[in-house]
Colleague: 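Pasting in a structure now, in C-alpha coordinates, and then I'll have a few things to ask.
Owing to the predicted nature of the structure, the values given are computational and were not obtained by experimental measurement.
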Amino acid sequence: MKAYYFKHLLKFKIPGGTSRGILNDKESWFIIIINGDNYGIGECSLIKGLSPDPDSIFELKLKDICRKIHLGFANLSLELESYPSILFGLETAFRSFKSNDPFVFSKSSLTKGEGSLSVNGLIWMGKKSFMKSQIKEKIQSGFNCIKIKVGALDFDLECEILKSLRSEYSESDIEIRLDANGSFSLDSSFEKLEKLSAFKIHSIEQPISVKQWHEMAFLCEKSPIPIALDEELIGIPSYKEQKKMLLEINPTYIILKPSLIGGLKKADAWIKLASSLNIKWWSTSALESNIGLNAISQWAFNKEPLLPQGLGTGMLFSNNIESPYFIENGFLKYNSDMAWNSNLFKDFIS
(Lines give C-alpha, C1' and ligand atoms only; values in the text may rest on other atoms or scores of the structure.)
Protein backbone atom coordinates (compact mmCIF):
# COMPACT_ATOMS: atom_id res chain seq x y z
CA MET A 1 0.00 0.00 0.00
CA LYS A 2 1.25 3.45 -0.94
CA ALA A 3 -0.16 6.94 -0.56
CA TYR A 4 0.45 10.22 -2.33
CA TYR A 5 -0.82 13.77 -1.91
CA PHE A 6 -1.21 16.75 -4.19
CA LYS A 7 -2.66 20.26 -4.08
CA HIS A 8 -5.39 21.75 -6.26
CA LEU A 9 -6.37 25.41 -6.16
CA LEU A 10 -10.10 25.71 -6.81
CA LYS A 11 -11.09 28.90 -8.68
CA PHE A 12 -14.44 30.53 -8.00
CA LYS A 13 -16.50 31.33 -11.08
CA ILE A 14 -17.75 34.41 -9.24
CA PRO A 15 -15.84 35.75 -6.20
CA GLY A 16 -17.59 34.75 -3.00
CA GLY A 17 -18.33 37.57 -0.58
CA THR A 18 -18.44 36.79 3.14
CA SER A 19 -18.04 38.79 6.34
CA ARG A 20 -14.44 37.52 6.41
CA GLY A 21 -13.64 38.95 3.00
CA ILE A 22 -13.82 38.04 -0.68
CA LEU A 23 -12.91 34.50 -1.80
CA ASN A 24 -11.37 34.22 -5.27
CA ASP A 25 -9.90 30.76 -4.81
CA LYS A 26 -9.61 28.02 -2.21
CA GLU A 27 -7.00 25.34 -1.75
CA SER A 28 -7.67 21.66 -1.36
CA TRP A 29 -5.21 18.83 -0.85
CA PHE A 30 -5.93 15.28 -1.94
CA ILE A 31 -4.75 11.98 -0.53
CA ILE A 32 -4.61 8.98 -2.85
CA ILE A 33 -4.15 5.47 -1.45
CA ILE A 34 -3.02 2.82 -3.93
CA ASN A 35 -2.52 -0.93 -3.78
CA GLY A 36 -2.20 -2.65 -7.13
CA ASP A 37 -5.13 -1.63 -9.30
CA ASN A 38 -7.19 -0.44 -6.36
CA TYR A 39 -7.19 3.17 -5.25
CA GLY A 40 -9.07 5.55 -2.99
CA ILE A 41 -9.14 9.33 -2.85
CA GLY A 42 -9.99 11.80 -0.09
CA GLU A 43 -9.95 15.58 0.12
CA CYS A 44 -8.48 17.87 2.77
CA SER A 45 -10.28 21.18 2.34
CA LEU A 46 -8.78 24.35 3.80
CA ILE A 47 -10.47 27.72 4.27
CA LYS A 48 -7.99 30.39 5.31
CA GLY A 49 -8.97 32.10 8.52
CA LEU A 50 -11.39 29.33 9.46
CA SER A 51 -9.72 25.91 9.18
CA PRO A 52 -7.90 25.18 12.46
CA ASP A 53 -5.20 22.97 10.88
CA PRO A 54 -1.68 24.36 11.56
CA ASP A 55 -0.93 26.15 8.31
CA SER A 56 2.87 26.28 8.48
CA ILE A 57 3.43 22.52 8.80
CA PHE A 58 0.30 21.26 7.03
CA GLU A 59 2.12 19.82 4.02
CA LEU A 60 4.79 18.22 6.20
CA LYS A 61 2.05 16.44 8.15
CA LEU A 62 0.43 15.23 4.95
CA LYS A 63 3.76 13.91 3.73
CA ASP A 64 4.35 12.10 7.03
CA ILE A 65 0.89 10.53 7.00
CA CYS A 66 1.34 9.27 3.43
CA ARG A 67 4.72 7.78 4.36
CA LYS A 68 3.06 5.83 7.20
CA ILE A 69 -0.11 4.88 5.35
CA HIS A 70 0.46 1.16 6.06
CA LEU A 71 -0.38 1.84 9.72
CA GLY A 72 -4.05 2.27 8.79
CA PHE A 73 -6.65 4.88 9.63
CA ALA A 74 -7.25 3.88 13.27
CA ASN A 75 -3.58 4.37 14.18
CA LEU A 76 -2.94 7.45 12.05
CA SER A 77 -6.06 9.22 13.26
CA LEU A 78 -4.64 9.31 16.79
CA GLU A 79 -2.09 11.93 15.74
CA LEU A 80 -4.49 14.08 13.74
CA GLU A 81 -6.69 15.74 16.38
CA SER A 82 -5.14 19.11 15.47
CA TYR A 83 -5.64 18.46 11.75
CA PRO A 84 -9.41 18.02 11.19
CA SER A 85 -9.20 18.49 7.43
CA ILE A 86 -6.50 15.81 7.09
CA LEU A 87 -8.56 13.57 9.36
CA PHE A 88 -11.54 13.99 7.04
CA GLY A 89 -9.41 13.46 3.93
CA LEU A 90 -7.74 10.36 5.32
CA GLU A 91 -10.99 8.85 6.61
CA THR A 92 -12.74 9.28 3.28
CA ALA A 93 -9.69 8.12 1.31
CA PHE A 94 -9.78 4.83 3.24
CA ARG A 95 -13.54 4.52 2.75
CA SER A 96 -12.99 5.13 -0.94
CA PHE A 97 -10.14 2.59 -1.08
CA LYS A 98 -12.18 -0.14 0.62
CA SER A 99 -15.15 0.29 -1.72
CA ASN A 100 -15.64 -1.61 -4.96
CA ASP A 101 -16.02 1.76 -6.66
CA PRO A 102 -13.71 4.52 -5.30
CA PHE A 103 -16.52 7.06 -5.76
CA VAL A 104 -19.39 5.04 -4.29
CA PHE A 105 -18.87 4.30 -0.59
CA SER A 106 -22.26 2.69 -0.03
CA LYS A 107 -24.82 1.94 -2.70
CA SER A 108 -28.05 3.79 -2.11
CA SER A 109 -30.90 5.20 -4.12
CA LEU A 110 -28.83 8.41 -4.38
CA THR A 111 -25.91 6.80 -6.21
CA LYS A 112 -28.31 4.67 -8.24
CA GLY A 113 -29.71 7.89 -9.62
CA GLU A 114 -33.11 7.44 -7.98
CA GLY A 115 -32.88 9.41 -4.72
CA SER A 116 -31.91 13.02 -4.04
CA LEU A 117 -30.93 15.43 -1.28
CA SER A 118 -32.76 18.68 -0.64
CA VAL A 119 -30.20 21.51 -0.58
CA ASN A 120 -30.26 25.25 0.02
CA GLY A 121 -29.14 27.77 -2.58
CA LEU A 122 -26.20 29.91 -1.44
CA ILE A 123 -26.31 33.70 -1.88
CA TRP A 124 -22.97 35.52 -1.60
CA MET A 125 -22.62 39.04 -0.22
CA GLY A 126 -22.14 41.85 -2.69
CA LYS A 127 -23.82 44.87 -4.20
CA LYS A 128 -27.58 45.05 -3.88
CA SER A 129 -28.13 44.33 -7.59
CA PHE A 130 -25.76 41.34 -7.44
CA MET A 131 -27.48 39.82 -4.41
CA LYS A 132 -30.93 40.33 -5.87
CA SER A 133 -29.88 38.72 -9.15
CA GLN A 134 -28.52 35.70 -7.26
CA ILE A 135 -31.75 35.34 -5.31
CA LYS A 136 -33.83 35.58 -8.48
CA GLU A 137 -31.66 32.98 -10.22
CA LYS A 138 -31.94 30.53 -7.30
CA ILE A 139 -35.72 30.88 -7.11
CA GLN A 140 -36.11 30.49 -10.86
CA SER A 141 -33.94 27.35 -10.62
CA GLY A 142 -36.46 25.78 -8.26
CA PHE A 143 -34.86 26.25 -4.83
CA ASN A 144 -37.36 26.61 -1.97
CA CYS A 145 -34.63 27.24 0.63
CA ILE A 146 -31.90 29.85 0.26
CA LYS A 147 -29.01 30.80 2.54
CA ILE A 148 -27.94 34.43 2.50
CA LYS A 149 -24.62 35.64 3.87
CA VAL A 150 -25.06 38.74 6.02
CA GLY A 151 -22.83 40.95 8.15
CA ALA A 152 -20.45 42.57 5.67
CA LEU A 153 -22.76 45.12 4.05
CA ASP A 154 -24.62 48.03 5.57
CA PHE A 155 -27.21 46.40 7.83
CA ASP A 156 -30.06 48.60 6.58
CA LEU A 157 -29.22 47.57 3.02
CA GLU A 158 -29.35 43.89 4.00
CA CYS A 159 -32.76 44.47 5.58
CA GLU A 160 -33.89 46.25 2.41
CA ILE A 161 -32.90 43.21 0.32
CA LEU A 162 -34.77 40.87 2.66
CA LYS A 163 -37.82 43.13 2.68
CA SER A 164 -37.85 43.16 -1.11
CA LEU A 165 -37.57 39.37 -1.18
CA ARG A 166 -40.43 38.92 1.27
CA SER A 167 -42.63 41.35 -0.66
CA GLU A 168 -42.53 38.89 -3.57
CA TYR A 169 -42.23 35.52 -1.82
CA SER A 170 -43.96 34.41 1.36
CA GLU A 171 -42.55 32.16 4.08
CA SER A 172 -44.36 29.21 2.49
CA ASP A 173 -42.78 30.02 -0.91
CA ILE A 174 -39.16 30.42 0.21
CA GLU A 175 -37.35 29.45 3.41
CA ILE A 176 -34.64 31.97 4.27
CA ARG A 177 -31.57 31.01 6.25
CA LEU A 178 -29.05 33.65 7.23
CA ASP A 179 -25.35 33.21 7.98
CA ALA A 180 -23.61 35.98 9.91
CA ASN A 181 -20.27 34.16 10.34
CA GLY A 182 -19.94 35.70 13.82
CA SER A 183 -19.98 39.25 12.45
CA PHE A 184 -22.55 40.87 14.79
CA SER A 185 -21.22 42.75 17.80
CA LEU A 186 -22.47 41.86 21.26
CA ASP A 187 -23.99 45.31 21.70
CA SER A 188 -26.00 45.26 18.50
CA SER A 189 -26.76 41.56 18.04
CA PHE A 190 -30.13 41.34 19.79
CA GLU A 191 -31.47 44.50 18.16
CA LYS A 192 -30.42 43.17 14.74
CA LEU A 193 -32.05 39.80 15.37
CA GLU A 194 -35.29 41.54 16.28
CA LYS A 195 -35.24 43.60 13.08
CA LEU A 196 -34.40 40.57 10.94
CA SER A 197 -37.24 38.56 12.45
CA ALA A 198 -39.73 40.75 10.58
CA PHE A 199 -38.71 38.91 7.42
CA LYS A 200 -39.78 35.45 8.67
CA ILE A 201 -36.29 33.97 8.90
CA HIS A 202 -35.90 30.21 9.39
CA SER A 203 -32.60 30.47 11.28
CA ILE A 204 -29.38 32.43 11.58
CA GLU A 205 -25.93 30.86 11.81
CA GLN A 206 -23.41 32.12 14.32
CA PRO A 207 -24.64 35.69 14.93
CA ILE A 208 -21.71 36.51 17.24
CA SER A 209 -18.14 35.22 17.27
CA VAL A 210 -17.12 31.99 18.99
CA LYS A 211 -16.12 31.29 22.61
CA GLN A 212 -18.78 33.58 24.05
CA TRP A 213 -20.93 30.82 25.45
CA HIS A 214 -22.76 32.88 28.06
CA GLU A 215 -23.68 35.59 25.57
CA MET A 216 -24.65 33.07 22.89
CA ALA A 217 -26.83 31.25 25.43
CA PHE A 218 -28.66 34.53 26.12
CA LEU A 219 -29.26 35.06 22.41
CA CYS A 220 -30.49 31.48 21.94
CA GLU A 221 -32.96 31.95 24.78
CA LYS A 222 -34.24 35.40 23.78
CA SER A 223 -33.79 35.59 20.01
CA PRO A 224 -36.96 35.73 17.88
CA ILE A 225 -34.98 33.81 15.22
CA PRO A 226 -33.77 30.25 15.92
CA ILE A 227 -29.97 30.16 16.17
CA ALA A 228 -27.66 27.59 14.59
CA LEU A 229 -24.10 27.02 15.76
CA ASP A 230 -21.49 26.61 13.05
CA GLU A 231 -17.97 27.86 13.80
CA GLU A 232 -18.69 27.21 17.49
CA LEU A 233 -18.21 23.47 16.86
CA ILE A 234 -14.67 23.85 15.54
CA GLY A 235 -11.79 22.95 17.84
CA ILE A 236 -13.81 21.09 20.49
CA PRO A 237 -12.59 17.48 20.16
CA SER A 238 -13.63 16.06 23.53
CA TYR A 239 -17.13 14.75 24.19
CA LYS A 240 -17.13 16.38 27.63
CA GLU A 241 -16.50 19.86 26.23
CA GLN A 242 -18.97 19.33 23.38
CA LYS A 243 -21.72 18.40 25.82
CA LYS A 244 -20.84 21.26 28.14
CA MET A 245 -21.04 23.73 25.27
CA LEU A 246 -24.38 22.46 23.93
CA LEU A 247 -25.93 22.31 27.40
CA GLU A 248 -24.87 25.87 28.18
CA ILE A 249 -25.79 27.47 24.85
CA ASN A 250 -28.79 25.25 23.97
CA PRO A 251 -29.07 26.20 20.28
CA THR A 252 -31.96 25.13 18.06
CA TYR A 253 -29.59 23.72 15.41
CA ILE A 254 -25.98 22.71 14.87
CA ILE A 255 -24.31 22.74 11.46
CA LEU A 256 -21.78 20.08 10.63
CA LYS A 257 -18.80 20.73 8.37
CA PRO A 258 -16.86 17.42 8.42
CA SER A 259 -13.68 19.05 7.07
CA LEU A 260 -13.64 21.45 10.04
CA ILE A 261 -14.67 19.10 12.84
CA GLY A 262 -12.55 16.06 11.95
CA GLY A 263 -14.53 13.85 9.61
CA LEU A 264 -17.66 11.77 9.34
CA LYS A 265 -17.24 9.72 12.51
CA LYS A 266 -16.87 12.95 14.46
CA ALA A 267 -20.00 14.28 12.76
CA ASP A 268 -21.86 11.11 13.76
CA ALA A 269 -20.87 11.72 17.38
CA TRP A 270 -22.09 15.35 17.23
CA ILE A 271 -25.44 14.19 15.82
CA LYS A 272 -25.88 11.57 18.53
CA LEU A 273 -25.11 14.10 21.26
CA ALA A 274 -27.28 16.85 19.74
CA SER A 275 -30.22 14.48 19.23
CA SER A 276 -30.09 13.48 22.90
CA LEU A 277 -30.56 17.19 23.73
CA ASN A 278 -33.34 17.72 21.15
CA ILE A 279 -31.05 19.85 18.97
CA LYS A 280 -31.56 19.46 15.21
CA TRP A 281 -28.79 19.45 12.62
CA TRP A 282 -27.87 19.77 8.99
CA SER A 283 -24.55 19.38 7.19
CA THR A 284 -22.82 21.76 4.87
CA SER A 285 -19.67 21.88 2.82
CA ALA A 286 -16.41 23.60 3.66
CA LEU A 287 -16.26 24.52 -0.03
CA GLU A 288 -14.82 21.14 -1.01
CA SER A 289 -14.41 20.04 -4.59
CA ASN A 290 -16.77 17.33 -5.83
CA ILE A 291 -14.50 14.72 -4.21
CA GLY A 292 -15.18 15.91 -0.66
CA LEU A 293 -18.73 16.87 -1.51
CA ASN A 294 -19.35 13.33 -2.74
CA ALA A 295 -18.23 11.81 0.57
CA ILE A 296 -20.39 14.19 2.64
CA SER A 297 -23.42 13.83 0.37
CA GLN A 298 -23.44 10.03 0.50
CA TRP A 299 -22.98 10.13 4.27
CA ALA A 300 -25.73 12.74 4.74
CA PHE A 301 -28.16 10.90 2.46
CA ASN A 302 -27.82 7.73 4.52
CA LYS A 303 -28.68 9.74 7.67
CA GLU A 304 -32.11 10.44 6.13
CA PRO A 305 -31.97 14.15 7.01
CA LEU A 306 -35.17 16.07 7.64
CA LEU A 307 -33.79 19.50 6.67
CA PRO A 308 -32.23 20.87 3.47
CA GLN A 309 -28.47 20.41 3.49
CA GLY A 310 -25.81 22.99 2.55
CA LEU A 311 -24.32 20.76 -0.12
CA GLY A 312 -25.16 22.58 -3.32
CA THR A 313 -21.72 24.16 -3.73
CA GLY A 314 -20.24 21.95 -6.45
CA MET A 315 -21.11 24.43 -9.19
CA LEU A 316 -19.14 27.30 -7.62
CA PHE A 317 -15.78 26.45 -9.19
CA SER A 318 -14.56 26.77 -12.77
CA ASN A 319 -12.01 23.96 -12.37
CA ASN A 320 -13.90 21.47 -10.22
CA ILE A 321 -13.51 17.74 -10.81
CA GLU A 322 -16.28 16.74 -13.20
CA SER A 323 -18.69 14.38 -11.51
CA PRO A 324 -22.14 12.81 -11.94
CA TYR A 325 -23.68 15.31 -9.50
CA PHE A 326 -26.14 17.93 -10.66
CA ILE A 327 -28.81 20.12 -9.07
CA GLU A 328 -32.41 20.12 -10.22
CA ASN A 329 -35.19 22.14 -8.59
CA GLY A 330 -33.25 22.52 -5.35
CA PHE A 331 -32.28 18.84 -5.10
CA LEU A 332 -28.80 17.34 -5.39
CA LYS A 333 -28.90 14.34 -7.71
CA TYR A 334 -26.48 11.79 -9.11
CA ASN A 335 -26.43 10.67 -12.74
CA SER A 336 -25.39 7.02 -12.41
CA ASP A 337 -24.76 6.80 -16.18
CA MET A 338 -22.07 9.48 -16.03
CA ALA A 339 -18.43 8.74 -15.18
CA TRP A 340 -16.14 10.75 -12.92
CA ASN A 341 -13.33 12.65 -14.60
CA SER A 342 -10.08 11.38 -13.05
CA ASN A 343 -7.70 13.43 -15.23
CA LEU A 344 -6.55 15.51 -12.26
CA PHE A 345 -5.02 12.49 -10.56
CA LYS A 346 -4.53 10.07 -13.48
CA ASP A 347 -0.72 10.16 -13.10
CA PHE A 348 -1.06 8.52 -9.68
CA ILE A 349 -3.49 5.75 -10.63
CA SER A 350 -2.32 4.84 -14.13
Side-chain angles (χ1 to χ4, degrees), residues 1-12 16 20 23-35 39-73 75-97 102-103 105 234-235 256-267 284-299 311 313-314 316-323 340-350:
M1 182 183 290
K2 294 181 179 180
Y4 305 91
Y5 70 90
F6 66 95
K7 178 182 177 180
H8 182 56
L9 196 65
L10 291 160
K11 302 283 187 179
F12 283 91
R20 282 189 291 268
L23 299 173
N24 292 294
D25 51 47
K26 189 207 72 72
E27 68 181 78
S28 275
W29 297 77
F30 296 86
I31 299 173
I32 294 190
I33 302 173
I34 299 173
N35 194 344
Y39 75 91
I41 183 166
E43 179 176 358
C44 312
S45 176
L46 292 176
I47 301 178
K48 286 187 177 178
L50 183 60
S51 298
D53 301 65
D55 197 38
S56 59
I57 53 173
F58 183 84
E59 187 174 357
L60 288 175
K61 193 65 180 178
L62 262 181
K63 186 175 183 179
D64 182 53
I65 289 297
C66 288
R67 184 178 58 83
K68 301 186 293 191
I69 200 68
H70 60 280
L71 297 177
F73 177 72
N75 289 316
L76 292 172
S77 64
L78 298 176
E79 57 182 274
L80 290 173
E81 284 295 343
S82 300
Y83 298 84
S85 73
I86 297 181
L87 200 49
F88 171 69
L90 189 67
E91 178 189 17
T92 51
F94 269 106
R95 289 195 184 197
S96 170
F97 177 75
F103 300 105
F105 303 157
I234 299 170
L256 302 164
K257 287 185 171 76
S259 289
L260 299 180
I261 61 172
L264 302 177
K265 286 185 177 180
K266 300 276 189 182
T284 186
S285 79
L287 300 174
E288 291 89 355
S289 77
N290 283 329
I291 295 293
L293 202 61
N294 176 48
I296 302 171
S297 298
Q298 290 188 47
W299 165 81
L311 299 173
T313 54
L316 294 176
F317 305 112
S318 61
N319 60 340
N320 206 339
I321 295 158
E322 292 178 31
S323 79
W340 283 78
N341 186 338
S342 58
N343 285 342
L344 187 65
F345 45 93
K346 65 181 180 179
D347 291 343
F348 298 101
I349 62 175
S350 56

Colleague: Among all residues two or more places apart in sequence or in another chain, which pass the side-chain hydrogen bond (donor to acceptor under 3.5 Å, both in side chains) test with K68?
Modeller: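 Scan of K68 (side-chain hydrogen bond (donor to acceptor under 3.5 Å, both in side chains), adjacent residues dropped) gives D64, E79.
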Colleague: The criterion is side chain to side chain contact (heavy atoms under 4.5 Å, CB included); which residues satisfy it with E81, sequence neighbours excluded?
Modeller: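 With sequence neighbours excluded, E81 shows a side chain to side chain contact (heavy atoms under 4.5 Å, CB included) to P237, K266, given in chain and number order.
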Colleague: Which atom names give the shortest non-hydrogen contact between N320 and N290, and what distance separates them?
Modeller: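 N320 and N290 have their closest heavy atoms at OD1-N, 2.9 Å.
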Colleague: Please find the pair of heavy atoms, one from C66 and one from A3, that lie closest to each other, and give the distance.
Modeller: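 Heavy atoms of C66 and A3 come nearest at CB-O, 3.6 Å.
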Colleague: When rounded to the nearest 0.5 angstrom, what is the spacing between OG1 in T284 and CG in L311?
Modeller: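 If I round to the nearest 0.5 Å, the distance is 6.0 Å.
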Colleague: Locate the shortest heavy-atom distance separating L256 from A267; write the atom from each residue and the value.
Modeller: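 Where L256 meets A267 most closely, the heavy atoms are CD1-O, 4.0 Å.
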Colleague: Parallel, tilted or perpendicular: which describes the rings of F30 and H8, with under 30° parallel and over 60° perpendicular?
Modeller: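 Judged by the thresholds at 30° and 60°, the geometry between F30 and H8 is tilted.
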Colleague: Should F58 and C44 be marked as a side-chain contact (heavy atoms from CB on, under 4.5 Å) after you check the CA-CA gap, both sets of side-chain angles, and the distance that decides it?
Modeller: CA-CA 10 Å; F58 183 84; C44 312; 4.0 Å; yes
Colleague: How long is the span from the CG atom in L78 to the CG atom in L71, to the nearest 0.5 Å?
Modeller: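 The CG atom of L78 sits 10.5 Å away from the CG atom of L71.
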Colleague: Show the nearest heavy-atom pair for residues L10 and S28, with the distance to one decimal.
Modeller: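 Between these two residues, the closest heavy atoms are CD1-OG, 3.9 Å.
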Colleague: Among residues at least two apart in sequence or on other chains, which ones pass side-chain hydrogen bond (donor to acceptor under 3.5 Å, both in side chains) with E322?
Modeller: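 Listed in chain order: nothing, the list is empty.
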Colleague: Determine which pairs satisfy salt bridge (Lys or Arg N to Asp or Glu O under 4.0 Å) with at least one residue from residues 49-60, sequence neighbours left out, and list them in order.
Modeller: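 Qualifying pairs: none.
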Colleague: Mind checking ring-ring contact (aromatic ring centres under 6.0 Å, His included) for F94 and listing every partner two or more places apart, or none if nothing turns up?
Modeller: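 Per chain and number, F94 pairs via ring-ring contact (aromatic ring centres under 6.0 Å, His included) with no residue.
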Colleague: With F97, which residues qualify under ring-ring contact (aromatic ring centres under 6.0 Å, His included), at least two apart?
Modeller: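 Applying ring-ring contact (aromatic ring centres under 6.0 Å, His included) to F97 gives none.
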Colleague: Name the orientation class of the two ring planes belonging to F6 and F348 (parallel below 30°, tilted from 30 to 60°, perpendicular beyond 60°).
Modeller: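 The rings of F6 and F348 lie parallel, inter-plane angle below 30°.
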Colleague: If you look at every heavy atom in S285 and T313, which pair is closest and at what distance?
Modeller: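 Between these two residues, the closest heavy atoms are OG-OG1, 2.9 Å.
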Colleague: Suppose we screen for side-chain hydrogen bond (donor to acceptor under 3.5 Å, both in side chains). Which residues come up paired with S297, at least two apart in sequence or across chains?
Modeller: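 Counting only residues at least two positions away or on another chain, S297 forms no side-chain hydrogen bond (donor to acceptor under 3.5 Å, both in side chains).
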Colleague: For K48, does its backbone N or O pair with a side-chain atom of S51 as donor and acceptor, under 3.5 Å?
Modeller: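 No; judged by distance alone, with no hydrogens or angles, the pair does not exist.
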Colleague: Which is it for T92 and I296 under the side-chain contact (heavy atoms from CB on, under 4.5 Å) test, yes or no, and what are the steps along the way?
Modeller: CA-CA 9 Å; T92 51; I296 302 171; over 6 Å; no
Colleague: Applying side chain to side chain contact (heavy atoms under 4.5 Å, CB included), can you list everything that pairs with K265, at least two apart in sequence or on another chain?
Modeller: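 If we apply the side chain to side chain contact (heavy atoms under 4.5 Å, CB included) test to K265, skipping adjacent residues, the hits are F73, E91, R95.
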Colleague: Closest approach of I33 and M1, non-hydrogen atoms and distance?
Modeller: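 Closest pair (atom of I33, atom of M1, distance): CG2-CG, 3.7 Å.
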Colleague: Once side chain to side chain contact (heavy atoms under 4.5 Å, CB included) is applied, do any residues pair with A286, and if so which ones, sequence neighbours excluded?
Modeller: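 Applying side chain to side chain contact (heavy atoms under 4.5 Å, CB included) to A286 gives S45, I47, K257, S259, L260, E288.
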Colleague: Looking at residues at least two apart in the chain, or sitting in another chain, which of them share a side chain to side chain contact (heavy atoms under 4.5 Å, CB included) with S82?
Modeller: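 Partners of S82 under the side chain to side chain contact (heavy atoms under 4.5 Å, CB included) test: none.
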Colleague: Just by modelled atom types, is the L293 backbone N or O under 3.5 Å from a matching donor or acceptor in the E43 side chain?
Modeller: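 The answer is no, because no donor-acceptor pair under 3.5 Å joins these two groups.
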Colleague: Do F12 and F317 have their ring centres less than 6.0 Å from each other?
Modeller: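 Ring centroids of F12 and F317 are less than 6.0 Å from each other.
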Colleague: Rounded to the nearest 0.5 Å, what separation is found between the OH atom of Y83 and the CD1 atom of I65?
Modeller: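 CD1 of I65 is found 9.0 Å from OH of Y83.
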Colleague: Could you measure the distance from the CG atom of L9 to the CH2 atom of W29? Nearest 0.5 Å is fine.
Modeller: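 L9 atom CG to W29 atom CH2 measures 10.5 Å (nearest 0.5 Å).
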Colleague: The criterion is ring-ring contact (aromatic ring centres under 6.0 Å, His included); which residues satisfy it with F105, sequence neighbours excluded?
Modeller: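 With neighbours one apart ignored, the set is empty.
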Colleague: Working to the nearest 0.5 angstrom, can you tell me the gap between L287 CG and L50 CG?
Modeller: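 That separation rounds to 9.0 Å.
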Colleague: Would you indicate whether the side-chain heavy atoms of L90 and S77 approach each other to under 4.5 Å?
Modeller: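 No - every pair of side-chain heavy atoms lies 4.5 Å or more apart.
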Colleague: Who are the side-chain hydrogen bond (donor to acceptor under 3.5 Å, both in side chains) partners of S96, not counting sequence neighbours?
Modeller: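 Once residues adjacent in sequence are excluded, S96 has no partner under the side-chain hydrogen bond (donor to acceptor under 3.5 Å, both in side chains) criterion.
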Colleague: Mind running side-chain contact (heavy atoms from CB on, under 4.5 Å) on S342 and F345 for me, showing each step along the way?
Modeller: CA-CA 6 Å; S342 58; F345 45 93; 3.6 Å; yes
